[in-house]
Structures are given as structure tokens and as C-alpha cells.
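In this text, all values refer to a predicted model and were calculated from it rather than measured experimentally. Residue numbers start at 1 and run along the sequence shown.
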Amino acid sequence: MSKDLEWLLLRGNNSFIVKRVPEGPIFSKEAGNLVNIHSEKYSGLTNAKTIDVKSTPTGIAITHRKKSASPHTVRPAYATTVIGSRTGPRRALGVAAHATKRGYRPDLRKATIARVSALLAAQKEHKDFPPKKVRGKKAKATA
């Protein structure tokens with residue numbers, strides 16, 4: 001079945017569509033959809049080449065379909081790269097952009113980097129602020 005025909009069948013109704021506001025944007029929560037917008041370009045269901053970025057306990061997993069994979073295989077057809085939680089942000093973004101630089105869906109490069117950087121920021125442990133020092137008249141009054 002062609003990609004266009006699949007999109008025509010899926011665009012009206014599927015189980016991944018999220019409609020919050022009647023006149024607002026339509027979102028999608030399918031795997032392989034990097035920006036979660038219900039459109040043909042970002043659809044993880046109709047496109048043969050998809051990039052999926054998700055958070056795992058060990059870090060961030062980036063999954064894409066292998067070039068030489070048979071259309072009948074499912075699990076061995078996908079290559080997964082895991083970015084560890086202790087990896088620096090610049091190195092993580094380089095790993096994220098690696099597949100798109102090699103010609104695998106170069107139009108998704110910006111969305112892949114944005115998703116990875118958002119997941120890195122969410123996983124980062126924030127330090128507590130130090131207690132504020134008392135200054136001025138209040139410092140003199142306590143001393």
C-alpha cells in the first residue's frame with residue numbers, strides 16, 4: 001500500500017489522535033512522531049523511515065529503521081542508540097543528528113535535536129538554591 005493511501009485512510013481517525021480544542025491543532029501520540037503533530041510529514045504510522053526518541057531508565061533511546069532491513073522483519077529491522085544519562089549535552093546532540101546527517105530523513109534533524117535536548121533538560125537534576133544571606137539593616141539587627 002502506498003504512503004499516500006495510508007495517510008488518506010489514517011488521517012481522519014486513528015487511536016493516536018488527540019483533539020483538545022475543536023478549532024485548535026490536532027496532536028498525535030504515536031511512536032515515531034517527533035513533534036506530536038498530526039500531519040503526514042511527522043506521522044510514524046505511514047512513513048517507512050521514522051526516528052523515535054524516548055526516555056529510558058538508562059538514558060535516551062534513539063531508534064531508526066536499518067537501511068538493509070527486510071520489510072518482513074520487525075525487531076531486527078531497527079537500530080537503537082542509547083545516550084547515557086551522564087553524557088554531555090553537546091555529545092548527545094551530535095549523536096542525535098548523526099542519522100539525519102547521513103541522509104536518513106534529513107528533514108527531521110531539527111525535530112530530533114529539539115526532542116533530545118528537551119529530554120536531557122527534563123532528566124537533569126537541578127541543584128537547590130543556597131539560603132539567602134541577610135543584608136542591610138536586618139543583618140545589623142541580628143548581629
Participant: Is the closest side-chain heavy-atom distance between I51 and T100 below 4.5 Å?
Facilitator: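 Yes, close enough: below the 4.5 Å cut-off.
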
Participant: Is there side-chain contact between R65 and K49, with at least one heavy-atom pair below 4.5 Å?
Facilitator: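 When only atoms from C-beta onward are counted, K49 and R65 do not touch, as no gap falls below 4.5 Å.
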
Participant: Can you confirm whether N14 sits close enough to H38 that some side-chain heavy atom of one is under 4.5 Å from a side-chain heavy atom of the other?
Facilitator: yes

Participant: For A97 and R109, which heavy atoms make the closest approach, and how far apart are they?
Facilitator: CB-NE, 3.6 Å

Participant: So does I83 get a backbone contact from the side chain of T87, meaning a donor-acceptor N/O pair under 3.5 Å?
Facilitator: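 Judged by distance alone, no pair lies under 3.5 Å.
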
Participant: To the nearest 0.5 Å, what is the distance between CG (L10) and CG (L5)?
Facilitator: 9.5 Å

Participant: Side chain of N33, backbone of I37: donor and acceptor closer than 3.5 Å?
Facilitator: yes

Participant: Indicate the atoms forming the closest heavy-atom contact of P106 with G103, along with that distance.
Facilitator: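 Reported closest heavy-atom pair: CD-O, 3.7 Å.
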
Participant: If you define the side chain from C-beta out and look only at heavy atoms, does anything of K41 sit under 4.5 Å from D107?
Facilitator: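 They are in contact (side-chain heavy atoms under 4.5 Å apart), so the answer is yes.
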
Participant: Does atom NZ of K54 have more than 12 heavy-atom neighbours, drawn from other residues, nucleotides or ligands, at distances under 6.0 Å?
Facilitator: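 No, because the 6.0 Å sphere around NZ of K54 holds 12 heavy atoms or fewer from other groups.
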
Participant: Is the closest side-chain heavy-atom distance between V53 and L119 below 4.5 Å?
Facilitator: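 Yes. Closest side-chain heavy atoms under 4.5 Å.
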
Participant: Any donor and acceptor pair, going by atom type alone, linking the side chain of T56 with main-chain N or O of G59 inside 3.5 Å?
Facilitator: yes

Participant: Hey, is the main chain of P76 close enough, under 3.5 Å, to the side chain of K66 for a donor-acceptor pair?
Facilitator: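 Flag set: sc K66 to bb P76 pair under 3.5 Å.
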
Participant: With a 4.5 Å heavy-atom cut-off, do V116 and I62 have their side chains touching?
Facilitator: yes

Participant: K3 and N47: side-chain donor and acceptor closer than 3.5 Å?
Facilitator: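 Present: a donor and an acceptor within the cut-off.
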
Participant: Flag yes if L93 and V95 sit in one hydrophobic cluster, no otherwise; membership is Ile, Leu, Val, Met, Phe, Trp, Tyr, and two members link when side-chain heavy atoms are under 4.5 Å apart.
Facilitator: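 L93 clusters together with V95.
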
Participant: Quick one: OG on S39 to CZ on R11, what's the gap to the nearest 0.5 Å?
Facilitator: 12.0 Å

Participant: Do E40 and T46 have side-chain N/O donor and acceptor atoms under 3.5 Å apart?
Facilitator: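 T46 and E40 do not have a side-chain donor-acceptor pair below 3.5 Å.
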
Participant: To the nearest 0.5 Å, what is the distance between CG on D4 and CG on L8?
Facilitator: 7.0 Å

Participant: Taking only residues two or more places apart in sequence or in another chain, which ones pass side-chain contact (heavy atoms from CB on, under 4.5 Å) with N13?
Facilitator: none

Participant: Would you give the length of the straight line joining atom CZ of R115 to atom CG of D52, rounded to the nearest 0.5 angstrom?
Facilitator: 8.0 Å

Participant: For H64 together with Y104, are the ring centres under 6.0 Å from each other?
Facilitator: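 Aromatic pair counts; centres sit under 6.0 Å.
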
Participant: Quick one: which residue pairs count as a side chain to side chain donor-acceptor pair (under 3.5 Å) with a foot in residues 132-143, not counting sequence neighbours?
Facilitator: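 Every pair satisfying side chain to side chain donor-acceptor pair (under 3.5 Å) with a residue in residues 132-143: there are none.
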
Participant: Identify the two heavy atoms, one from V18 and one from K29, that lie closest to each other, and give their separation to 0.1 Å.
Facilitator: CG2-CD, 4.0 Å

Participant: Between the side chain of E30 and the main-chain N/O of F16, is any donor-acceptor distance below 3.5 Å?
Facilitator: no

Participant: Using every non-hydrogen atom in the two residues, find where L120 and A92 come nearest and quote the distance to one decimal.
Facilitator: CD1-CB, 3.6 Å

Participant: Of all heavy-atom pairs between V35 and A111, which one has the smallest distance, and what is that distance?
Facilitator: CG1-CB, 3.7 Å

Participant: Under the ring pair (Phe, Tyr, Trp, His ring centres under 6.0 Å) rule, collect the residues that match up with Y42, sequence neighbours excluded.
Facilitator: none

Participant: Under 3.5 Å, is there a donor on one side chain and an acceptor on the other for Q123 and S85?
Facilitator: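 Distance-only check fails for Q123 and S85.
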
